[in-house]
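A short write-up of the structure that comes next.
All values reported here derive from a predicted model rather than from experimental measurement.
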Amino acid sequence: MNIVFFGSSHFAAPSLEALIREKYNVTLVVTQPDKKSGRGMHPSHTVIKSVAQGSSIGIYQPENINSKEAASVLKKQNADLFVVIAYGQILTQAVLDIPKIFAINLHASLLPEYRGAAPINRAIINGVKTTGITVIKMNRKMDAGEVFLKKETEISQTDTVIDLESRLSEMAAQALIEALRLIKDKNYKLVPQDDKEASFAPKLHKSDGEIHWEEPAETIYNSFRGTLNWPGSFTYYRGKLLRVCKLSVYPQELEKEKLSAGTVTHIFKDSIVVACGKGALLIEELQLEGKRKMPVQEFLSGHKISLGEVLGKK
RNA sequence: CGCGGGGUGGAGCAGUCCGGUAGCUCGUCAGGCUCAUAACCUGAAGGUCAUGCGUUCAAAUCGCAUCCCCGCAA
């Protein structure tokens with residue numbers, strides 16, 4: 001069975017590694033082009049490219065996967081199946097029609113919930129308790145194809161998007177191998193999604209990371225867990241951007257009368273407590289604009305933060 | 001050549017504009033004190049001020065170059 005693998009983010013890496021380990025015949029790996037990015041705009045390439053290079057599989061990095069040139073490259077592969085995971089470009093029906101069997105996609109949610117670019121982040125931000133991996137047969141509409149198989153996992157109260165993503169990416173690899181066996185044995189059913197149940201998980205923006213102190217502590221904490229990889233949770237301290245790196249809900253009630261949200265209410269040796277719209281949060285690690293990430297204990301050595309100071313003002 | 005911030009005893013910072021004895025909060029070590037605290041008091045050790053070159057009577061501070069760290073933007 002000839003397989004063409006489409007993937008870009010590191011979420012896809014365990015799946016590609018699994019295919020290689022199980023000795024599937026991956027004839028080509030398609031990934032996003034090298035881009036100049038990061039500080040100094042140095043060129044960088046995707047993790048998937050590194051994995052493919054390690055196994056001397058052919059690599060293809062088209063700017064536009066739906067172009068005529070790309071189509072002719074893909075047709076030459078004589079592929080039975082396309083496997084698409086976190087690739088980063090939308091495939092048109094013309095491309096999806098190339099493989100002899102069909103194209104499958106692995107998506108990090110229980111479809112039809114959380115269709116779209118950021119399902120893992122959004123599930124945590126919304127405080128959802130269960131998520132998973134769904135394997136679908138792709139069609140023209142994004143993440144709307146018939147369901148092949150699903151795998152569930154619980155989201156714990158303290159899971160961050162980084163924990164959950166690495167767990168789901170391993171699950172995706174297992175799900176992919178399972179799916180391939182079913183396809184090989186022609187032993188599968190395709191179940192259409194109920195579009196009425198569909199919800200969407202749009203891409204995150206920088207602004208999704210800004211802490212709104214007037215919200216309840218739980219909400220801010222969920223948002224923190226769900227955006228930890230990017231953009232992270234941040235606020236402002238004396239006009240400078242302050243990134244919060246380690247955060248938890250402060251378990252005690254604030255006994256005083258209502259303090260305005262964002263006020264520093266306690267300063268301990270290695271942490272500070274900040275009042276929210278409801279409840280309070282404990283910050284243990286942070287990073288000031290231009291500085292390294294550091295424990296609050298060290299931060300307090302150099303910054304004379306005082307009780308009653310209000311965070312969040314630009 | 002994308003834009004910007006930074007490198008000062010072990011940690012975090014001030015001092016740099018306007019050149020003139022190396023400072024703060026911690027930590028470490030020694031001694032003291034308290035029923036007790038993130039305790040407290042007294043004392044000590046620990047710095048080629050990222051690196052190199054230059055300007056100057058004199059450079060952490062001014063100029064040029066190099067290395068490294070971080071934020072933004074993608």
Roughly how far apart, to the nearest Å, are [N] and [M] at atom [atom1]?
{"N": "G63(B)", "M": "C72(B)", "atom1": "P", "answer": "29 Å"}
{"N": "G54(B)", "M": "C68(B)", "atom1": "C1'", "answer": "23 Å"}
{"N": "U34(B)", "M": "C41(B)", "atom1": "C1'", "answer": "11 Å"}
{"N": "G32(B)", "M": "A22(B)", "atom1": "C1'", "answer": "29 Å"}
{"N": "G7(B)", "M": "A14(B)", "atom1": "P", "answer": "7 Å"}
{"N": "U28(B)", "M": "A38(B)", "atom1": "P", "answer": "16 Å"}
{"N": "C53(B)", "M": "U21(B)", "atom1": "P", "answer": "24 Å"}
{"N": "U16(B)", "M": "G5(B)", "atom1": "C1'", "answer": "15 Å"}

From [options], nucleotide with atom closest to [X] side chain:
{"X": "Ser37(A)", "options": "G71(B), A11(B), A74(B)", "value": "A74(B)"}
{"X": "Ser301(A)", "options": "A73(B), G12(B), G6(B)", "value": "G12(B)"}
{"X": "Lys269(A)", "options": "A38(B), C72(B), G12(B)", "value": "A38(B)"}

Take atom [atom1] of [X] and atom [atom2] of [N], then tell me their distance rounded to the nearest Å.
{"X": "Gln297(A)", "N": "A11(B)", "atom1": "CD", "atom2": "P", "value": "14 Å"}
{"X": "His45(A)", "N": "A74(B)", "atom1": "NE2", "atom2": "P", "value": "23 Å"}
{"X": "Leu241(A)", "N": "G6(B)", "atom1": "CG", "atom2": "P", "value": "15 Å"}
{"X": "Leu300(A)", "N": "A14(B)", "atom1": "CG", "atom2": "P", "value": "15 Å"}
{"X": "Asp270(A)", "N": "U25(B)", "atom1": "CG", "atom2": "C1'", "value": "16 Å"}
{"X": "Lys293(A)", "N": "G71(B)", "atom1": "NZ", "atom2": "P", "value": "10 Å"}
{"X": "Lys304(A)", "N": "C26(B)", "atom1": "NZ", "atom2": "P", "value": "8 Å"}
{"X": "Met294(A)", "N": "A11(B)", "atom1": "CE", "atom2": "P", "value": "12 Å"}

Compute both the distance and the angle, then confirm whether Lys189(A) meets the cation-pi test with Phe148(A): under 6.0 Å from the six-membered ring centre, within 45 degrees of the axis.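 Cation-pi check for Lys189(A) and Phe148(A): fails.
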Partner lookup for [N], please. Criteria are Watson-Crick or G-U wobble with both distances under 3.5 angstrom; report none if nothing qualifies.
{"N": "U42(B)", "answer": "A30(B)"}
{"N": "U37(B)", "answer": "none"}
{"N": "C62(B)", "answer": "G54(B)"}
{"N": "U16(B)", "answer": "none"}
{"N": "C72(B)", "answer": "G2(B)"}

Are Phe6(A) and Tyr60(A) near enough that their ring centres are under 6.0 Å apart?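 Centroid distance Phe6(A)-Tyr60(A): not below 6.0 Å, so no.
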Would you say the ring centroid of Tyr114(A) lies under 6.0 angstrom from that of His107(A)?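 Between His107(A) and Tyr114(A), which both carry aromatic rings, the centre distance is not below 6.0 Å.
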The answer to which of His303(A) and His42(A) contacts RNA chain B further toward the 5' end, by nearest nucleotide, is His42(A)
RNA chain B: 5'-proximal contact among Glu298(A) and Lys240(A) (nearest heavy atom):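 Nearer the 5' end of the strand: Lys240(A).
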According to a strict under-4.0 Å criterion, is [X] in side-chain N/O contact with OP1 or OP2 of [N]?
{"X": "Arg39(A)", "N": "C69(B)", "result": "no"}
{"X": "Lys206(A)", "N": "C72(B)", "result": "yes"}
{"X": "Arg292(A)", "N": "C68(B)", "result": "no"}

Once you apply a heavy-atom cut-off of 4.0 Å, does [X] come out as touching a base, just sugar-phosphate, or nothing?
{"X": "Met41(A)", "value": "base"}
{"X": "Gln287(A)", "value": "sugar-phosphate"}
{"X": "Ile267(A)", "value": "base"}
{"X": "Lys35(A)", "value": "nothing"}

Lys304(A) side-chain N/O to Ser301(A) backbone N/O, donor-acceptor pair under 3.5 Å: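 Here the side-chain-to-backbone pair exists.
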Answer yes when Asp159(A) and Arg167(A) have at least one side-chain N-carboxylate O distance shorter than 4.0 Å, and no when they do not.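 A salt bridge links Asp159(A) with Arg167(A).
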Between the side chains of Lys203(A) and Asp208(A), is the shortest nitrogen-to-carboxylate-oxygen separation below 4.0 Å, so that they form an ion pair? no
Is it the case that over 12 heavy atoms from other parts of the model lie below 6.0 angstrom from the NZ atom of Lys278(A)? no
